[in-house]
Chemist: 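Encoded as C-alpha cells, here's the structure I'll be asking about.
Keep in mind that this is a model prediction, so the values were computed, not measured. All residue numbers refer to positions in the sequence shown, counting from 1. Keep in mind that the numbers below use all heavy atoms, side chains included, and drop hydrogens, waters and symmetry copies.
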Amino acid sequence: MPTVFRHGPYRFYFWSHEPNEPQHVHVDRENLSAKFWLSPVRLAHNLGFNPRELRHIEALVKEREQELVEAWDGYFNP
C-alpha cells in the first residue's frame with residue numbers, strides 16, 4: 001500500500017492490487033476510510049466520515065489531484 005502523502009491526521013494511499021480500476025486514492029483517519037476517483041475527483045465510497053470532513057478531504061484531493069494522478073501512473077504504469 002504505497003502512501004502518496006499525509007496531511008494532518010489523513011493518509012492518502014493506493015492499494016497495490018487495484019491496477020484494473022480507474023485512478024483513485026484511499027484516505028484513512030483512525031478507523032474511518034473513504035475512496036475518491038480521480039480525474040474528475042468524486043467520492044467512490046465512504047466508511048464513517050461525516051459530510052463536513054468529507055468535503056474537507058475532497059478539497060485536499062482536488063488540490064493535489066495532479067500529484068495523485070502522477071503517483072498512480074508512476075506506480076501502476078512505470
Side-chain angles (χ1 to χ4, degrees):
M1 293 184 294
T3 297
V4 180
F5 67 91
R6 293 180 184 271
H7 183 91
Y10 307 110
R11 176 175 166 239
F12 295 76
Y13 65 97
F14 306 126
W15 282 100
S16 59
H17 65 280
E18 296 180 321
N20 297 323
E21 288 195 20
Q23 294 173 325
H24 64 277
V25 65
H26 296 267
V27 183
D28 287 354
R29 177 179 67 80
E30 299 164 356
N31 63 340
L32 308 175
S33 184
K35 177 179 176 180
F36 286 88
W37 301 119
L38 302 173
S39 299
V41 174
R42 61 196 185 285
L43 180 65
H45 68 79
N46 173 36
L47 298 171
F49 286 110
N50 67 48
R52 181 174 181 238
E53 191 169 16
L54 212 50
R55 286 190 300 276
H56 174 68
I57 295 166
E58 183 173 3
L60 292 171
V61 172
K62 286 179 179 178
E63 285 175 18
R64 297 182 74 171
E65 179 181 2
Q66 186 62 37
E67 176 185 354
L68 291 163
V69 167
E70 288 173 4
W72 176 280
D73 287 341
Y75 187 81
F76 292 109
N77 305 310

Chemist: At what distance, to the nearest 0.5 angstrom, does CG of L32 lie from CD1 of I57?
Modeler: 8.0 Å

Chemist: Checking F5 now: which residues fulfil ring pair (Phe, Tyr, Trp, His ring centres under 6.0 Å) with it, not counting sequence neighbours?
Modeler: F12

Chemist: Determine the minimum heavy-atom distance between W15 and H26, stating which atoms define it.
Modeler: CD1-NE2, 2.9 Å

Chemist: Do any pairs count as a salt bridge (Lys or Arg N to Asp or Glu O under 4.0 Å) and have a residue in residues 67-78, sequence neighbours left out, and if so which ones?
Modeler: R64-E67

Chemist: Could you measure the distance from the OH atom of Y10 to the CG atom of L60? Nearest 0.5 Å is fine.
Modeler: 7.5 Å

Chemist: Under 3.5 Å, which donor-acceptor pairs do the side chains of residues 34-44 form with other protein atoms, sequence neighbours left out?
Modeler:
from: K35; atom 1: NZ; to: E21; atom 2: OE1; distance (Å): 2.6
from: S39; atom 1: OG; to: E65; atom 2: OE2; distance (Å): 3.1
from: R42; atom 1: NH1; to: P40; atom 2: O; distance (Å): 3.0

Chemist: Kindly write out the residues that satisfy side-chain hydrogen bond (donor to acceptor under 3.5 Å, both in side chains) with D28, not counting sequence neighbours, or none if the list is empty.
Modeler: Y13, S33

Chemist: Show me the pairs that pass salt bridge (Lys or Arg N to Asp or Glu O under 4.0 Å) and involve residues 44-55, at least two apart or across chains.
Modeler: R29-E53

